[in-house]
Amino acid sequence: MGRELAMLHNMRKRIIFIVFSFFLLGCNQSPSPVFQEEIRGLKLVQLITGKDALHAINQLHGKKINVASGMVAFYQGEGEKATVWVSESFSTDDAIRQTEIMIEKMRSSKRSPFSDYEEIGQGGVKIYSFKGMGQKHYIFRISKSLYWITANPGTIDEVCKSIAG
């Protein structure tokens with residue numbers, strides 16, 4: 001009987017530890033986009049987060065970008081693909097400034113591979129649309145998060161709707 005009580009006591013300690021661990025993990029998570037497993041036949045094949053995502057974002061820009069966090073989601077399907085880059089700024093004002101600076105630099109650069117810039121709206125979100133490198137691109141901001149979607153023209157609207165609503 002004493003052995004059974006000791007086993008029960010140890011099991012109870014383990015369960016409390018596991019529940020407490022999940023609670024702490026949940027408290028330490030900052031709000032981040034939830035990427036759907038599948039969008040219009042495209043499957044989420046890779047999700048990069050944390051320091052790896054920040055490294056990828058800095059490599060894309062060729063310099064260190066001052067952001068709090070980042071994510072990169074890669075989708076693939078039959079002959080289609082999409083990439084969603086997300087950087088979360090330290091404040092909404094920073095995100096607004098970063099978006100404006102990026103768009104202005106892209107538009108004014110004579111070496112930019114992008115063209116056909118348009119501003120469109122979707123669900124109250126201002127989206128900068130342009131073409132380049134064989135794909136269509138959308139850049140938009142929601143609160144402190146800045147998104148860059150790269151996809152084929154027939155896919156990009158569905159990917160954008162899955163994020164911006």
Side-chain angles (χ1 to χ4, degrees), residues 22 24-107 109 112-165:
F22 279 116
L24 286 178
L25 283 172
C27 288
N28 289 330
Q29 298 294 320
S30 62
S32 61
V34 175
F35 293 101
Q36 295 178 15
E37 289 295 318
E38 186 174 334
I39 302 169
R40 194 179 168 249
L42 295 176
K43 293 191 184 329
L44 179 63
V45 294
Q46 184 179 14
L47 180 62
I48 302 173
T49 60
K51 290 181 183 179
D52 291 337
L54 291 176
H55 178 73
I57 290 166
N58 290 336
Q59 272 193 316
L60 177 72
H61 289 90
K63 63 180 183 176
K64 186 177 184 322
I65 304 298
N66 189 27
V67 294
S69 64
M71 300 175 85
V72 187
F74 296 93
Y75 288 89
Q76 280 187 316
E78 289 187 32
E80 299 276 326
K81 63 182 180 176
T83 305
V84 182
W85 298 81
V86 184
S87 62
E88 185 176 321
S89 298
F90 292 99
S91 71
T92 300
D93 287 342
D94 284 349
I96 292 168
R97 229 179 345 274
Q98 287 170 339
T99 304
E100 290 170 350
I101 289 169
M102 182 168 47
I103 294 299
E104 180 53 38
K105 283 184 176 183
M106 290 169 59
R107 281 183 171 164
S109 173
S112 176
F114 304 114
S115 63
D116 300 329
Y117 291 92
E118 290 181 73
E119 285 183 30
I120 56 177
Q122 183 172 305
V125 175
K126 181 195 288 186
I127 300 171
Y128 298 92
S129 169
F130 49 97
K131 295 176 185 170
M133 302 186 296
Q135 293 190 305
K136 194 162 184 180
H137 306 264
Y138 285 174
I139 292 177
F140 58 93
R141 181 195 58 79
I142 299 174
S143 186
K144 298 188 297 185
S145 295
L146 178 61
Y147 297 82
W148 182 325
I149 301 173
T150 300
N152 296 332
T155 305
I156 196 162
D157 287 329
E158 290 301 317
V159 175
C160 187
K161 283 178 193 170
S162 77
I163 297 166

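Heads up: numbering here begins at 1 and tracks the sequence.
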Side-chain heavy atoms of [X] within contact of [Y], under 4.5 Å:
X: Met106; Y: Tyr128; value: no
X: Ile127; Y: Glu119; value: no
X: His55; Y: Ile57; value: no
X: Ile48; Y: Phe74; value: yes
X: Met102; Y: Leu146; value: yes
X: Leu42; Y: Glu158; value: no
X: Ile149; Y: Ile163; value: yes
X: Phe114; Y: Met133; value: yes

Does [Y] offer a backbone N or O that forms a donor-acceptor pair with the side chain of [X] under 3.5 Å?
X: Ser162; Y: Val159; result: yes
X: Gln98; Y: Asn66; result: yes
X: Thr99; Y: Ala95; result: yes
X: Tyr147; Y: Ala164; result: no
X: Tyr75; Y: Gln36; result: yes
X: Arg40; Y: Asp157; result: no
X: Arg107; Y: Ser109; result: no

Gap separating the [atom1] atom of [X] from the [atom2] atom of [Y], nearest 0.5 angstrom:
X: His137; Y: Asp116; atom1: NE2; atom2: CG; value: 11.0 Å
X: Thr155; Y: Gln135; atom1: OG1; atom2: CD; value: 9.0 Å
X: Ser89; Y: Lys144; atom1: OG; atom2: NZ; value: 8.5 Å
X: Lys81; Y: Thr150; atom1: NZ; atom2: OG1; value: 9.5 Å
X: Ile39; Y: Leu44; atom1: CD1; atom2: CG; value: 8.0 Å
X: Ser112; Y: Tyr117; atom1: OG; atom2: OH; value: 3.5 Å

Which atom of [X] lies closest to which atom of [Y], heavy atoms considered:
X: Ser129; Y: Tyr138; value: OG-CE2, 3.4 Å
X: Ile96; Y: Arg141; value: CG1-NE, 3.3 Å
X: Gly70; Y: Leu54; value: N-CD2, 3.8 Å

Practice item. Can you establish whether the number of heavy atoms outside His61 located under 6.0 Å from its atom NE2 is more than 12? Key: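 More than 12 within 6.0 Å, yes.
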Point to revise | Partner set under salt bridge (Lys or Arg N to Asp or Glu O under 4.0 Å) for Asp94, not counting sequence neighbours | key: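 Per chain and number, Asp94 pairs via salt bridge (Lys or Arg N to Asp or Glu O under 4.0 Å) with Arg97.
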Exercise for review: Write out all pairs satisfying salt bridge (Lys or Arg N to Asp or Glu O under 4.0 Å) with one or both partners inside residues 41-50, taking only residues at least two apart or from two chains.
Suggested key: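 Non-adjacent pairs meeting salt bridge (Lys or Arg N to Asp or Glu O under 4.0 Å): Glu38-Lys43.
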Exercise for review: Verify side chain to side chain donor-acceptor pair (under 3.5 Å) between Ser87 and Trp85, making sure each step is shown before the conclusion.
Suggested key: CA-CA 7 Å; Ser87 62; Trp85 298 81; over 6 Å; no
